[in-house]
K.L.:
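Once you've had a glance at the structure underneath, I'll fire off some questions.
Chain naming here is simple, since letters A, B, ... match the order of the sequence lines and numbering starts at 1 in each. Just so it is clear, the model here is predicted, and its values are computed rather than measured.
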2 protein chains.
Amino acid sequence: MAATIKDIAQKTGLGLATISSYLNGGNVREKNRVKIEEAIRELHFEINETARGLKTNTTRTIGVVIPELNSVFCAKVIGRIEDTLRKHGYALMICDCRTDKVREREAVEFLMRKRVDGLINMPVDGKGRHLEKFRRTGKPVVLIDREINGLGCDSVCADNREAMKEAVKLLVENGHRGIGMVAGTQDVLTAQERLMGYEEACSENGIPLRESYIYSGDCTIESGVLGLETLVRNNPEMTAVVVGNYNMSVGVMIGMNELGLSVPEELSVIGFDNLQFARACRPRLTILDQPTGEIADHAARIMLERLGKTDCAVNAQPYKVRLKTALIPGSSVKKL
Amino acid sequence: MAATIKDIAQKTGLGLATISSYLNGGNVREKNRVKIEEAIRELHFEINETARGLKTNTTRTIGVVIPELNSVFCAKVIGRIEDTLRKHGYALMICDCRTDKVREREAVEFLMRKRVDGLINMPVDGKGRHLEKFRRTGKPVVLIDREINGLGCDSVCADNREAMKEAVKLLVENGHRGIGMVAGTQDVLTAQERLMGYEEACSENGIPLRESYIYSGDCTIESGVLGLETLVRNNPEMTAVVVGNYNMSVGVMIGMNELGLSVPEELSVIGFDNLQFARACRPRLTILDQPTGEIADHAARIMLERLGKTDCAVNAQPYKVRLKTALIPGSSVKKL
DNA sequence: TTGAAAGCGCTAACAT
DNA sequence: ATGTTAGCGCTTTCAA
């Protein structure tokens, strides 16, 4: 068994409180400090966070619930958050709910049992019902990528509407008017906003909305493939497509390949996320790039701030951070 | 504050031990069982795993240390492991060490302090020095993707040598003899094995090894780009390239794009990992696909088995699982 | 089957 | 500044 503070106390002849005080940055006489540090080294003492947690009712652990670990956006954001939080002594317990509302709720309950001090969530359930129980604990919840109204949680998202408007605008400026969209699940606010951006940009440019120009997918690669195939089949006159998330962008490129359509000669494409993928496409894909680093940094900062306070349920106003995306030009838009 | 077993005891008029016994699947009189379950429901009791952990000296938490969360291979494997382990009540604490040996060691120490019950690691330090301290606790360590000799840890890896041999063989069968390789960091066994496979296949086919045909990268996208550029510049007669990992495969495709070289007319390419990326490439990339699902399932199974035993340090033989990769044909290999 | 009581390793209130 | 002590919520002897 590992050494405990009792062992340190014994070895140094000091009391428990002194050791504890030393461990928590309290004032200890220089002479004793040296003795304690020596004992710690000799006995290979490492503080037992479990015991500490029992006493302080904290775990220094943050739960993370995401729809899919295997998604560049999630992985980038979570990786960076982990970086920051670990520097502050917090560990991340990550649960992948496979874009399933039932699993998402189970994951939150699992993490509640594990007594995490806070929750970071990219919600699948757009209503946020899976969070209600956790919120009652008064512990902080920070939403990423998707805001939920009425729940009072902090959130950090991209400015999705503006992003998609910009994409459509670029196409219009290049002479396109037959512009389709492969959109995501409409019960998630983020996907709604991106679709809204598309619709707004169309009407602002006098392009009439057509139902057959909009495909509602489920944010998977396969639905991107299917979405492209459907749009192309139903709208032979369509000259461009915008895509509402990264997975579906990969799907659309696969679809183009497998239908043997050339970009941008036969169809112009603007994708979402992942600069590296865009660079690897031939020709290079024009994309909307989300500021994943900034999103992560804001989320981590907010979480740390909330963890400093006692009760977040009663906290004044939730943060609703919105960050700008960047339209990064490739060669996938044809000038008509 | 949440309800404790004390509250349950009080409400039911039973003793603490009875409640505890109920919670741990012990025998409780039917009448009392009903009473307890009612009290649990009414008081919203949830077991405090921190307290339990202090007593039992376990956390039901597994540490995971990986070089890069933002890597399809890692994300896929870890996601699937998380699935299985969570079903058994285990949470995952994931640390991304950014392919840095120092950070890797820090991560392991961090997780030791968090008292994880076991460790899953895709090691960056090929010598495994970062694991020595943890191993002394007698807790299980399962290595994925990379074996370390002499450490006595279990490991689950792909059959890397065979994989690369197969790739080179396919090229030879198509008439190629000027075959370059963008290889990974040579202090990691996996990368060594892949390079060995390349070298073996060359010599078996009477192709003399040339130093200028081998580029040693560091498994990042950028090193893939640089690797391709270097090989092409130094070997104008080269007709094909094999790549030693996924990130570098993306890099090579980016390099092809940015040099304006066409696949497979000017250069044939065989990449590593990620079927979906391969499908999105134009033309579709021929790749070596790792059995990520199987790797994850083996790793999870071994971990659960080890967790069932008391001490893994003294356990007989470590598992050394090797799984076959699949060569999935695309259109990136030209028949000469 | 159940209850009483000790104790896991730590923190914190209080006393010195 | 340091020591003493109680107690966080649970499990686990040991008796009954």
Side-chain angles (χ1 to χ4, degrees), chain A residues 1-40 43-61 89 91 112-117 137-139 310, chain B residues 1-37 39-40 43-61 89 91 112-117 137 139 310:
Chain A
M1 271 303 288
T4 71
I5 57 169
K6 246 187 203 159
D7 301 320
I8 307 290
Q10 214 150 50
K11 184 150 185 117
T12 55
L14 296 165
L16 288 181
T18 312
I19 317 298
S20 176
S21 165
Y22 166 82
L23 291 173
N24 292 288
N27 277 330
V28 176
R29 208 173 308 197
E30 178 63 13
K31 200 169 55 179
N32 290 331
R33 195 183 58 75
V34 176
K35 270 208 281 189
I36 294 174
E37 286 174 357
E38 197 181 292
I40 288 182
L43 300 177
H44 299 289
F45 170 81
E46 298 237 318
I47 201 159
N48 186 328
E49 301 251 16
T50 310
R52 178 187 264 178
L54 178 58
K55 183 68 194 178
T56 59
N57 202 25
T58 60
T59 52
R60 307 210 120 233
T61 298
M112 271 183 80
R113 253 174 282 134
K114 293 286 184 191
R115 296 292 199 272
V116 294
D117 295 339
T137 64
K139 292 174 176 171
T310 359
Chain B
M1 270 302 288
T4 73
I5 57 169
K6 245 186 205 161
D7 300 321
I8 307 289
Q10 214 150 49
K11 184 150 185 116
T12 56
L14 294 165
L16 288 181
T18 313
I19 316 297
S20 175
S21 165
Y22 165 83
L23 290 173
N24 292 288
N27 277 330
V28 175
R29 209 171 309 196
E30 178 62 13
K31 202 169 52 180
N32 290 332
R33 195 181 58 76
V34 176
K35 270 207 281 190
I36 294 174
E37 286 175 356
I40 288 183
L43 300 177
H44 299 290
F45 170 81
E46 298 236 319
I47 201 160
N48 186 328
E49 303 251 14
T50 309
R52 176 186 265 178
L54 177 58
K55 185 68 194 178
T56 59
N57 203 24
T58 61
T59 53
R60 306 209 121 236
T61 298
M112 271 183 80
R113 255 173 280 135
K114 293 285 183 191
R115 296 294 199 270
V116 294
D117 295 340
T137 63
K139 292 174 177 172
T310 358

K.L.:
How bent is the helix from dT1(C)-dA16(D) to dT16(C)-dA1(D), measuring the angle between the end axes built from five pairs each, rounded to 10°?
P.N.:
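One end's axis against the other's: 30°.
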
K.L.:
Side-chain N or O of Lys6(B) versus OP1/OP2 of dC8(D): is the shortest distance under 4.0 Å?
P.N.:
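Answer yes for this pair, as a side-chain N or O of Lys6(B) is under 4.0 Å from OP1 or OP2.
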
K.L.:
Send over the distance from Leu14(A) CG to dT11(C) C1', rounded to a whole Å.
P.N.:
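It is 17 Å, rounded to the nearest whole Å.
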
K.L.:
On DNA chain D, does the nearest nucleotide to Glu30(A) precede the nearest nucleotide to Lys55(A) from the 5' side, or the other way round? Give the residue.
P.N.:
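Taking each residue's closest nucleotide, the earlier one in sequence belongs to Glu30(A).
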
K.L.:
Can you work out whether Ile19(B) or Ala51(B) has the more 5'-proximal nearest nucleotide on DNA chain C?
P.N.:
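By nearest-heavy-atom nucleotide position, the 5'-most residue is Ile19(B).
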
K.L.:
May I ask you to test the Thr4(A)-Asn48(A) pair for a side-chain heavy-atom distance under 4.5 Å?
P.N.:
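They are not in contact (no side-chain heavy atoms under 4.5 Å apart), so the answer is no.
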
K.L.:
In whole angstrom, what separates Ile36(A)'s CD1 from dG3(D)'s P?
P.N.:
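Taking CD1 of Ile36(A) and P of dG3(D), I get 9 Å after rounding.
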
K.L.:
Would you mind reading off the distance between Arg29(A) atom CZ and dA1(D) atom C1', rounded to a whole angstrom?
P.N.:
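Spelled out: CZ on Arg29(A) to C1' on dA1(D) is 6 Å.
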
K.L.:
Between dG3(D), dG9(D), dC10(C), which nucleotide gets closest to the side-chain atoms of Leu54(A)?
P.N.:
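The listed nucleotide nearest to Leu54(A)'s side chain is dG9(D).
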
K.L.:
When you measure from the side chain of Val28(A), which nucleotide among dG9(C), dT2(D), dA13(C) comes out closest?
P.N.:
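Ranking dG9(C), dT2(D), dA13(C) by closest atom to the Val28(A) side chain puts dT2(D) first.
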
K.L.:
Taking only side-chain nitrogens and oxygens of Arg52(B), does any of them come within less than 4.0 Å of OP1 or OP2 of dT11(D)?
P.N.:
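Yes, such a contact exists.
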
K.L.:
In whole angstrom, what separates Ile5(B)'s CD1 from dG9(D)'s C1'?
P.N.:
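Atom CD1 in Ile5(B) sits about 6 Å away from atom C1' in dG9(D).
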
K.L.:
Would you check if Lys11(A) and Glu38(A) make a side-chain contact, meaning some heavy-atom pair closer than 4.5 Å?
P.N.:
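Heavy-atom side-chain distance check fails, nothing below 4.5 Å.
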
K.L.:
Just N and O in the side chain of Thr18(A): are any of them under 4.0 Å from OP1 or OP2 of dG3(D)?
P.N.:
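Yes, such a contact exists.
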
K.L.:
Which nucleotide, dC10(C), dT2(C), dC10(D), lies nearest any side-chain atom of Phe45(A)?
P.N.:
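Between dC10(C), dT2(C), dC10(D), the one nearest the side chain of Phe45(A) would be dC10(C).
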
K.L.:
Under 4.0 Å between a side-chain nitrogen and a carboxylate oxygen: does that hold for Glu30(B) and Arg33(B)?
P.N.:
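Yes, Glu30(B) and Arg33(B) are salt-bridged.
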
K.L.:
Remember a base hit wins even if backbone is also touched, and classify Tyr22(B) as base, sugar-phosphate or nothing at under 4.0 Å, heavy atoms.
P.N.:
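Result for Tyr22(B) = nothing.
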
K.L.:
Whole angstroms only, please: what is the CG-C1' distance between Asn57(A) and dC10(C)?
P.N.:
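Answer to the nearest Å: 14 Å.
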
K.L.:
Where the side chain of Lys114(B) meets the backbone of Arg60(A), is there a donor-acceptor pair that is under 3.5 Å apart?
P.N.:
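Confirmed, Lys114(B) side chain pairs with Arg60(A) backbone.
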
K.L.:
Without decimals, in angstroms, what is the distance between Glu49(A) CD and dC8(D) C1'?
P.N.:
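So the CD-C1' distance, Glu49(A) to dC8(D), works out to 16 Å.
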
K.L.:
Between dT2(D) atom P and Gln10(A) atom CD, what is the distance in whole Å?
P.N.:
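Interatomic distance, CD of Gln10(A) to P of dT2(D): 19 Å.
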
K.L.:
Can you find a side chain N or O atom of Asn27(B) that sits less than 4.0 Å from OP1 or OP2 on dT1(C)?
P.N.:
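Yes, Asn27(B) has a side-chain N/O under 4.0 Å of OP1/OP2 on dT1(C).
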
K.L.:
Given dA4(C), dC10(C), dT11(C), identify the nucleotide with an atom nearest to the side chain of Thr4(A).
P.N.:
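Looking only at side-chain atoms, Thr4(A) lies closest to dC10(C).
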
K.L.:
Leu16(A) has an atom CG; how far is it from atom P of dC8(C), in whole Å?
P.N.:
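Checked: the CG to P distance equals 12 Å.
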
K.L.:
Can you tell me if the side-chain N/O atoms of Ser20(A) get under 4.0 Å from OP1 or OP2 in dT11(C)?
P.N.:
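Checking Ser20(A) against dT11(C): at least one side-chain N or O falls below 4.0 Å of OP1 or OP2.
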
K.L.:
Quick check on dT11(C): is either OP1 or OP2 less than 4.0 Å from any side-chain nitrogen or oxygen of Asn24(A)?
P.N.:
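Looking at the OP1 and OP2 atoms of dT11(C), one of them is under 4.0 Å from a side-chain N or O of Asn24(A).
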
